[in-house]
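Counting starts at 1 for both ligands and their atoms, following the listed order. In this chain, numbering begins with 1 at the start of the sequence shown.
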Amino acid sequence: MAKLPVESEKIIAQFGPSLNFPSREPLECRDEPDKVVETHCCFCGMQCGIKLLAKNNKVVGFEPWMEFPFNEGRLCPKGVLRYMQNNHTDRLTSPIKNTPGVGFVPISWEEAMDNIISEIKRIQSQYGNDAFSMLSGVSLTNEKSYMIGKFARTALKTKNLDYNGRLCMVSAGAGNKKAFGLDRSSNNYQDLEKAEVIIVTGANVSETFPTLTHWIWKARDNGAKLIVVDPRVIPLARTADIHLDIRPGTDSALFGAILNYMIRHDMVDHDFIDYFTSGFEDAKDAVKDYTLEWAEEITGAKKEKIEEAAKLWGKASTSFLLHARGIEHHTKGVENVLSCINIVLASGRIGKPYCGYGTITGQGNGQGGREHGHKCDQLPGNRDIENPEHRKYISKVWGIEESELPGKGLSAYEIIEAIHRGEIKGLISICFNPLVSLPNSNYVREALEKLEFYIGIDFFLSETLRHANIVLPGSLHEEEEGTVTTAEGRVVRIRKAVDPPKNARTDTEIILEIAKRLGAGDKFSFSSSEDIFNELRVASKGGTADYYGITYEKIEKNMGVFWPCPELDHPGTPRLWEDKKFRTPDGKAHFNPVKYHSSMDPVDDEYPVILTTGRVVSQYLSGSQTRRIGKLVQQYAEPLLEIHPKLAAQFGIRQNEEVVVTTKRGSAIFPANIVETIREDTVFVPYHWPGKKSVNQLTSGHLDPISKIPEFKVSACSLQPTGKIVEVNKFSETYKSS
Ligand SMILES: Nc1nc2c(c(=O)[nH]1)N[C@H]1C(S)=C(S)[C@@H](COP(=O)(O)OP(=O)(O)OC[C@H]3O[C@@H](n4cnc5c(=O)[nH]c(N)nc54)[C@H](O)[C@@H]3O)O[C@H]1N2
Ligand SMILES: Nc1nc2c(c(=O)[nH]1)N[C@H]1C(S)=C(S)[C@@H](COP(=O)(O)OP(=O)(O)OC[C@H]3O[C@@H](n4cnc5c(=O)[nH]c(N)nc54)[C@H](O)[C@@H]3O)O[C@H]1N2
Ligand code: SF4
Ligand SMILES: [Mo]
């Protein structure tokens with residue numbers, strides 16, 4: 001079947017995006033709700049506890065859930081307004097089919113399913129099973145993540161399944177596995193409270209994990225010293241003791257120099273290194289020439305400040321190091337992570353109260369979703385799809401021959417490349433908006449147009465899904481039972497508040513139905529989310545991410561259980577490594593030698609400025625959800641180019657002037673916001689917008705060789721003012737033009 005043209009105008013007329021922006025609360029809110037449901041926010045990895053109020057099978061508001069231990073009722077602007085998605089006018093409530101000359105038309109489930117199954121079968125018989133690929137996402141619960149991993153391998157029988165965590169958690173995951181043999185932050189965040197020194201690098205905590213700020217403030221109240229590493233003076237940096245304003249892409253040089261300083265000044269824990277680690281000599285050797293002067297030259301941060309930071313860290317008796325995507329979105333993302341872990345291991349401050357290390361998980365279920373097998377190289381329990389023992393165990397749980405279990409598939413961006421090469425012809429995506437979130441978006445769009453058949457499952461018609469042949473209306477967070485695992489490693493319960501509206505179905509029902517029609521019904525006879533979780537528990541047993549001892553009942557009773565939890569009578573593990581038994585083959589924590597090297601898209605005469613990208617507090621990821629909530633759009637309506645006054649003067653750029661930003665991939669125009677809170681050689685653009693406002697038109701498809709994460713944080717660019725001054729953040733106008 002040939003690819004259909006995209007009837008974009010008609011689609012927008014039919015399905016928005018339109019803003020949910022009532023001038024007053026819905027009338028239902030004034031009455032007593034029928035139900036108050038204790039659950040969690042659908043957005044970031046903090047997974048704040050929240051109570052949803054439901055009336056007449058609709059979510060009409062929220063209340064703080066004061067007892068939930070992490071956020072104690074606190075919420076950020078997105079958490080407060082998330083409930084507005086449930087009754088949204090853009091909500092997909094029927095399967096729709098992209099029809100030539102007409103746009104999307106509603107069709108019955110029967111017709112949708114018949115069409116889907118016949119196209120999957122046609123493509124797979126013509127080109128082979130792996131020619132049908134799947135992309136998934138970790139806003140989905142553990143149950144759905146697990147089920148999708150099983151679905152792709154045993155029903156769709158393809159190796160080409162990957163997920164949006166490929167853009168997010170994989171550098172940290174790979175680094176954690178190399179160093180500790182297990183991929184989870186080492187402590188719950190209450191351990192921050194009495195840390196003497198806290199390093200936060202590449203994490204704009206106040207905007208991206210707002211409720212975590214509370215625990216950092218608590219530590220500050222107790223006298224903690226705070227070191228923030230970021231090319232921008234992010235809100236957290238404004239009150240830090242030391243702000244290291246490094247050039248994007250130079251963290252491994254900074255942390256290498258700190259390690260060298262600690263070694264030279266004997267600020268390392270020799271006993272810990274001797275008894276509990278391996279690889280120290282190699283790591284030491286790799287940084288032996290990394291002086292403070294050299295680090296200043298590479299990073300652009302002052303050597304006196306680097307020295308002060310090294311001393312504070314080196315001499316502390318308790319400490320915490322946190323990082324997020326600022327150090328991970330690089331072609332050396334894994335190395336950056338390892339350079340941080342090296343200074344943690346050298347300090348010996350891990351596995352003790354108030355001593356911790358962790359990546360701050362991004363997506364709602366960024367932690368659980370990276371453990372249970374919807375990554376192209378992974379099986380449940382964070383097992384390795386290429387390890388014969390792991391394959392044997394999971395094949396047994398799934399009731400298949402090991403030879404039937406596909407091997408390692410392609411990662412997310414590699415799937416796009418394979419579509420371009422004509423090797424992949426079909427795609428089913430759920431919970432992922434790659435046209436906005438993958439780098440080099442014009443290339444991604446061309447790939448979507450090349451697909452012979454594309455099925456999407458979402459509750460909104462995202463920009464990507466406008467290229468689909470069939471879109472199935474799936475469910476919101478509050479429409480299914482399940483569990484997610486928070487950034488701390490705490491497995492918590494997502495509770496159903498309402499049913500999916502009209503003719504929409506739960507994601508689980510949809511996947512189960514497709515599996516059944518593909519002839520794999522016997523492996524998907526689950527009758528509830530708890531049923532799926534119970535199979536996941538068994539599948540994870542013995543893996544590093546062991547959930548066997550966690551049950552729905554135990555989670556409810558304790559407001560969450562920290563994995564690993566290998567037995568039913570095990571209390572869970574809020575703090576890892578107290579026993580110093582690391583999960584590497586030799587049982588030790590591993591230092592890894594890290595040499596600094598430059599990014600894949602370095603600046604030159606033609607592209608002299610570093611472009612880095614990220615987030616703002618009021619928008620979430622590709623924006624498909626938060627760009628539909630008017631009160632959030634009003635806070636920050638369109639992407640602005642953050643630029644330092646000196647750099648602006650150099651290019652003759654004025655406040656609110658539209659600037660053409662060009663990289664080797666293409667050009668885009670953003671109004672300038674001239675601020676002193678950014679390095680003079682770097683500009684920043686948030687990425688939550690599609691089409692002409694998408695900064696991912698400019699980012700590159702260069703990937704980290706180990707984790708396959710794209711280099712979102714460094715692109716070389718040139719700047720050209722247009723002479724046109726615009727009014728920015730007039731949200732109604734922006735909305736019309738996006
Ligand atoms: N409001 C909001 N919150 C979110 C999200 C959202 O979209 N919106 N998304 C969630 C998800 S999935 C994620 S992954 C997290 C991301 O959370 P963060 O990683 O905190 O967010 P980013 O804005 O991508 O990047 C963080 C910081 O990295 C800095 N940076 C850029 N390059 C470098 C570098 O080379 N080194 C260092 N040290 N810093 C650098 C940027 O200036 C930026 O301030 O947020 C989660 N929370
Ligand atoms: N330039 C640049 N690009 C980036 C980044 C960056 O910092 N800079 N950050 C990267 C990072 S860290 C991430 S995590 C990615 C995220 O990128 P994406 O995963 O593409 O972003 P989302 O907006 O979460 O897209 C999820 C889609 O799934 C839908 N959805 C949400 N929940 C559910 C559900 O429960 N069921 C179903 N069926 N659908 C659901 C939403 O409506 C939305 O359409 O973007 C990456 N892209
Ligand atoms: S911090 Fe994250 S989980 Fe908490 S309310 Fe905000 S978006 Fe939701
Ligand atoms: Mo992310």
Side-chain angles (χ1 to χ4, degrees), residues 40-50 62 64 68 70-71 73-82 137-139 164-170 172 199-214 228-237 244-255 299 301 322-330 332-333 336 340 359-366 369 437 477 484 486-487 599 610-623 625-626 632 635-636 642 677-679 682-688 709 711-714:
H40 295 268
C41 175
C42 59
F43 295 128
C44 87
M46 297 300 105
Q47 284 302 292
C48 296
I50 185 173
F62 74 98
F68 186 70
F70 165 70
N71 63 311
R74 286 174 290 271
L75 294 166
C76 84
K78 296 180 300 303
V80 166
L81 292 167
R82 64 158 279 194
V138 289
S139 293
N164 62 3
R166 186 65 61 192
L167 314 180
C168 186
M169 299 312 308
V170 285
I199 294 184
V200 177
T201 178
N204 183 7
V205 174
S206 327
E207 295 206 66
T208 53
F209 310 106
T211 50
L212 175 58
T213 317
H214 167 78
V228 171
V229 186
D230 200 297
R232 301 185 300 147
V233 191
I234 49 172
L236 200 63
L244 299 171
D245 57 341
I246 65 166
R247 198 169 274 133
T250 62
D251 287 85
S252 55
L254 173 72
F255 291 108
T299 65
L322 293 168
H323 58 76
R325 305 309 84 72
I327 75 159
E328 299 163 29
H329 280 158
H330 294 274
K332 56 188 160 192
N336 283 343
C340 286
T359 183
I360 316 176
T361 297
Q363 300 132 307
N365 195 25
S437 53
H477 213 239
V484 299
T486 74
S599 73
I610 303 167
L611 165 68
T612 193
T613 65
R615 300 159 160 75
V616 294
V617 66
S618 48
Q619 285 295 315
Y620 189 66
L621 301 180
S622 75
Q625 294 169 267
T626 44
L632 290 178
Q635 290 182 32
Y636 193 115
E642 271 181 34
T677 49
I678 185 163
R679 285 181 59 86
T682 302
V683 292
F684 172 89
V685 181
Y687 89 100
H688 313 285
I709 206 166
E711 189 143 66
F712 291 122
K713 294 293 187 264
V714 181

Q: Walk me through it: do Glu207 and Arg615 pass the test side-chain contact (heavy atoms from CB on, under 4.5 Å)?
A: CA-CA 8 Å; Glu207 295 206 66; Arg615 300 159 160 75; over 6 Å; no

Q: Tell me yes or no: between the side chains of Gln363 and Ser139, is some donor less than 3.5 Å from an acceptor?
A: no

**Q.** Interfacing atoms of ligand 1 (cut-off 4.0 Å, heavy-atom, Pro248)
**A.** 32 (N), 34 (C), 35 (O)

**Q.** Check: Thr682 side chain, Arg679 main-chain N or O, donor-acceptor pair, under 3.5 Å
**A.** no

Q. Just by distance, do the side chain of His688 and the backbone of Gly623 share a donor-acceptor pair under 3.5 Å?
A. no

Q. Quick one: are Arg232 and Ile678 in side-chain contact, heavy atoms under 4.5 Å?
A. yes

Q: Say whether Gly202, considering both its backbone and side-chain N or O atoms, lies within less than 3.5 Å of an N or O atom on ligand 1.
A: yes

Q: Give a yes/no on ligand 1: does Met46 have at least one heavy atom closer than 4.0 angstrom to it?
A: no

Q.
Under a 3.5 Å distance rule, please check whether Lys78 uses its side chain to pair with a backbone N or O of Val617 as donor and acceptor.
A. yes

Q) Heavy-atom distance to atom 25 (O) of ligand 1: which of Lys713, Arg615, His330 wins? A) Lys713

Q: Starting from atom 36 (N) of ligand 1, find the nearest protein heavy-atom neighbour and note its residue, name and distance.
A: Asp251 OD1, 2.6 Å

Q) Is any side-chain heavy atom of Thr299 less than 4.5 Å from a side-chain heavy atom of Leu244? A) no

Q.
Show me which atoms of ligand 1 lie under 4.0 Å from any heavy atom of Arg325.
A. 13 (C), 14 (S), 15 (C), 16 (C), 19 (O)

Q. Do any nitrogen or oxygen atoms of Thr250 come within less than 3.5 Å of a nitrogen or oxygen of ligand 1?
A. no

Q. Which protein non-hydrogen atom lies closest to atom 30 (N) of ligand 1, naming both residue and atom, and how far is it?
A. Pro231 CD, 3.6 Å

Q: Please check if the side chain of Lys332 supplies one atom and the backbone of Asp251 the other of a donor-acceptor pair under 3.5 Å.
A: no

Q | Side-chain heavy atoms of His330 within contact of Asn336, under 4.5 Å | A | yes

Q: Measure the shortest side-chain to side-chain distance between Thr359 and His323 over non-hydrogen atoms and say whether it is less than 4.5 angstrom.
A: yes

**Q.** Result of checking Ile610, Leu611, Thr613 against Val714 for side-chain contact (heavy atoms from CB on, under 4.5 Å)
**A.** Ile610

(Q) Looking at ligand 1, would His329 count as a contact under a 4.0 Å heavy-atom criterion? (A) no

Q.
Please list the nearest protein heavy atom to atom 15 (C) of ligand 1 with its residue and the distance rounded to 0.1 Å.
A. Phe209 CZ, 3.4 Å

Q) When you measure from atom 34 (C) of ligand 1 to each heavy atom in Gly333, Pro77, Gly326, which option holds the nearest one? A) Gly326

Q) Is there a side-chain contact (heavy atoms from CB on, under 4.5 Å) between Leu621 and Tyr687 once you walk through the steps? A) CA-CA 7 Å; Leu621 301 180; Tyr687 89 100; 3.3 Å; yes

Q) Of all the non-hydrogen atoms in the protein, which one sits nearest to atom 13 (C) of ligand 1, and at what distance? A) Gly362 CA, 3.3 Å

Q | Protein N/O/S count near atom 4 (Fe) of ligand 3 (criterion: distance under 2.8 Å) | A | 1

Q) So do the side chains of Pro77 and Leu632 get within less than 4.5 Å of each other, counting heavy atoms only? A) yes

Q: Under 4.0 Å from a heavy atom of Cys168: give me the atoms of ligand 1 that qualify, with their elements.
A: 12 (S), 14 (S)

(Q) Check this for me - ligand 1, Ile234, N or O atoms closer than 3.5 angstrom, yes or no? (A) no

Q: Using the ring of Phe712 (Phe, Tyr or Trp, six-membered ring only), decide whether Arg325 places NZ or CZ under 6.0 Å from its centre and within 45 degrees of its axis.
A: no

Q.
Just so I know, are the side chains of Thr361 and Cys44 near enough to count as touching, which here means a heavy-atom distance under 4.5 Å?
A. no

(Q) Measuring from non-hydrogen atoms of Val205 to any atom of ligand 1, is the shortest distance under 4.0 Å? (A) no

Q. Can you tell me which residue and heavy atom of the protein come closest to atom 4 (C) of ligand 1, and the distance to 0.1 Å?
A. Thr208 O, 3.4 Å

Q) Does an N or O anywhere in Tyr620 fall below 3.5 Å from an N or O of ligand 1? A) no

Q) What residues, two or more places apart in sequence or in another chain, satisfy salt bridge (charged side-chain N to carboxylate O under 4.0 Å, His left out) together with Arg82? A) Glu478

Q.
I need the atoms of ligand 1 closer than 4.0 Å to a non-hydrogen atom of Ala203, numbered in the order shown.
A. 20 (O)

(Q) Measuring only between side-chain heavy atoms, which start at C-beta, is Gln625 closer than 4.5 Å to Phe43? (A) yes

Q.
I'd like the name of whichever of Met169, Gln619, Glu328 reaches closest to atom 2 (C) of ligand 1 through any heavy atom.
A. Gln619

(Q) Using a 4.0 Å cutoff against the non-hydrogen atoms of Val616, which atoms of ligand 1 qualify? (A) 1 (N), 2 (C), 8 (N)

Q) Does Asn365 reach the main-chain N or O of Val484 with its side chain, forming a donor-acceptor pair under 3.5 Å? A) no

Q: Return the residue, atom name and 0.1 Å-rounded distance of the protein heavy atom closest to atom 42 (O) of ligand 1.
A: Asp230 OD1, 2.7 Å

Q) By number and element, which atoms of ligand 1 are closer than 4.0 Å to a non-hydrogen atom of Val229? A) 38 (N)

Q) Relative to the heavy atoms of Thr612, which atoms of ligand 1 are at a distance of less than 4.0 Å? A) 31 (C), 32 (N)

Q) What is the closest protein heavy atom to atom 7 (O) of ligand 1, and at what distance does it sit? A) Leu621 N, 2.7 Å

Q | Where ligand 1 meets Gly614 - atom numbers and elements under 4.0 angstrom, heavy-atom basis | A | 22 (P), 23 (O), 24 (O)

Q | Donor + acceptor pair across side chains of Ser437, Asn164 (<3.5 Å) | A | no

Q: Could you tell me whether some N/O pair between Lys78 and ligand 1 is separated by less than 3.5 angstrom?
A: yes

Q: Flag Gly249 as yes when one of its N or O atoms lies below 3.5 Å from any N or O atom of ligand 1, and as no otherwise.
A: yes

Q. Does Glu207 reach ligand 1 with a nitrogen or oxygen that is under 3.5 Å from one of the ligand's nitrogen or oxygen atoms?
A. yes

Q) Is there a side-chain contact between Lys713 and Pro248, using heavy atoms and a 4.5 Å cut-off? A) no

